[in-house]
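Protein chains get the first letters and strands the later ones, always in sequence-line order, with residue 1 at the start of each. Both backbone and side-chain heavy atoms feed into the values below; hydrogens, waters and symmetry mates do not.
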2 protein chains.
Amino acid sequence: MLPSPFDTLDVNSLSHLRCAQGDHVFRQGDPTKGIFFVKSGNVCLTRVTESGNAVTIHNARADDMFAEASMYSNHYHCDAVCVAPSEVVRVSKQAIQLRQREDATFSEAITKRLAMQVQDYRQLLTLHAVKSANERVLLAVAVGKLTGSVTQFASQVGLTREACYRALRELSDQGLLIKTGRGRYAPAPQKEDRRP
Amino acid sequence: MLPSPFDTLDVNSLSHLRCAQGDHVFRQGDPTKGIFFVKSGNVCLTRVTESGNAVTIHNARADDMFAEASMYSNHYHCDAVCVAPSEVVRVSKQAIQLRQREDATFSEAITKRLAMQVQDYRQLLTLHAVKSANERVLLAVAVGKLTGSVTQFASQVGLTREACYRALRELSDQGLLIKTGRGRYAPAPQKEDRRP
DNA sequence: AACAGAATATGATTGAAATCACATGTTACC
DNA sequence: GGTAACATGTGATTTCAATCATATTCTGTT
């Protein structure tokens, strides 16, 4: 049910939430109550800067967890908004901290999860550093970022919807992507002429 | 000497390295041998994308650690290059993993470090999402990113040197930054008219 | 079935940062 | 002291993504 380390927790450390589209699971600044698991639906983590720019930090879909890093903060650093009707499980912060102190294997699994998250963010950062919209979009698709709507995708890769649509079309025209349907694109199968 | 959790490790799990400017501590793809601490100098973590773009992932200076997330990877995901003559301490991956299994407090401290790193990356991601060069630079300076050279700074915030210099000058002209010297800028003291 | 609302898709225009180009200033080293 | 290497700084031009505008398709609701 829950991913690897959390499935061993007692049921009364979990709260099941049912959210409509647009509902907030938590808001930037709220005191941290725990970390979350998406049973179904789609929860988007966004952060708003002083200047009012909204940034998609993470796009959690079914079987993803989010707000894992909040374990050691007193308040959340971003908004969690359901972009689809969603079932979300909250895992109590207290319960995790207690268990972490008693169970080394549990603790190790959590650490591993965090380490992987760090690498994910680094990947995203690398992606954002690519200046060319076409190259960026190609890379992002190759890396599997385009699973939901293009609008969501655009926010994640740091481009406007329009720029993404254009890049997707151009890349399809160039044969670097295959258009598999309305708003659906897949990386073109690599020609194996890479050998030296 | 070493930061909080690592100072309790046995000395023979540490290797002291002395690096010249330009030396690689490790390269993208190398098998992971451990995590690192900068005693003095400056080590830059960069990643090169397929398209040849170099991205500064992290700029570790004296008393910083780097490659913490590599604990659970078999190979490094970026290059670590000394941008100044540096003294670096390598902390053996094996020793950490062993200790983690025996000492819950140690383990917890590591987890906390990783969680904070995740939040740092999120901050950087938020920064990169600000479109206006001036706003971005102002935010970055406010957050304390401009400590070394503007060139390094530019790479971290995702702008060209030139764009940074221009933004820095314009912000100084507007009185939002104070030029404290050649290539040195500080945030202007906030006027306290924020109260509602 | 009709309608609202959102996502997809593209075209035209504009604006801001990249790029190119070239000063000057600062180390550091022979 | 001379010079090579690099950082700072700023102007001129270009390019490419943002913005604005608009049409179409899809989905869900009443």
Can you confirm whether Arg99(A) is buried at CZ, in the sense that more than 12 heavy atoms of other residues, nucleotides or ligands lie under 6.0 Å from that atom?
yes
Does Ser149(B) make a side-chain N or O approach to OP1 or OP2 of dC6(D) shorter than 4.0 Å?
no
Is the phosphate of dT8(D) approached by Thr151(B) (side-chain N or O, under 4.0 Å from OP1 or OP2)?
yes
Distance, rounded to the nearest Å, where Arg184(A) contributes CZ and dA9(C) contributes C1':
16 Å
Separation of atom CG in Leu159(B) from atom C1' in dT19(C), rounded to whole Å
14 Å
Ignoring backbone atoms, test whether Lys179(A) places a side-chain nitrogen or oxygen under 4.0 Å from the OP1 or OP2 oxygen of dA9(C).
yes
OP1 or OP2 of dA17(C) sitting under 4.0 Å from any side-chain N/O of Thr160(B)?
no
Rounded to whole angstrom units, what separation is found between the CG atom of Leu177(B) and the P atom of dG9(D)?
12 Å
Can you tell me if Met116(B) has over 12 outside heavy atoms packed within less than 6.0 Å of its CE?
no
Give Leu168(B) one of three labels, base, sugar-phosphate or nothing, depending on what nucleic acid heavy atoms sit under 4.0 Å from its own.
nothing
Output the rounded distance in Å from NZ (Lys131(B)) to C1' (dA18(C)).
18 Å
Hey, does Arg166(B) reach any base, or is it just sugar-phosphate, or nothing, if we go heavy atoms under 4.0 Å?
base
At their closest point, which heavy atom of His75(A) faces which heavy atom of Thr32(A), and how far apart are they?
C-CG2, 3.5 Å
Whole-Å distance between dA17(D) C1' and His128(A) NE2?
14 Å
Arg161(B) has a side chain; which of dA17(C), dT19(D), dT8(D) sits nearest to it?
dT8(D)
Does Arg182(B) place a side-chain N or O at less than 4.0 Å from the phosphate oxygens OP1/OP2 of dG9(D)?
no
I need the CD-P distance between Gln152(B) and dT8(D), as an integer number of Å.
10 Å
In this structure, how many angstroms lie between the P atom of dC16(D) and the CZ atom of Arg136(A), rounded?
14 Å
Is NZ or CZ of Arg90(B) both nearer than 6.0 Å to the six-membered ring centre of Phe36(B) and within 45° of the ring axis?
no
Examine dT10(D): is either OP1 or OP2 under 4.0 Å from a nitrogen or oxygen in the side chain of Tyr165(B)? Give yes or no.
no
Greater than 12 external heavy atoms within 6.0 Å of Lys112(B)'s NZ
no
Using OP1 and OP2 only, check whether a side-chain N or O of Tyr185(B) sits under 4.0 Å from dT8(D).
no
Gap between atoms CD and P, on Glu162(A) and dA9(C) respectively (whole Å):
13 Å
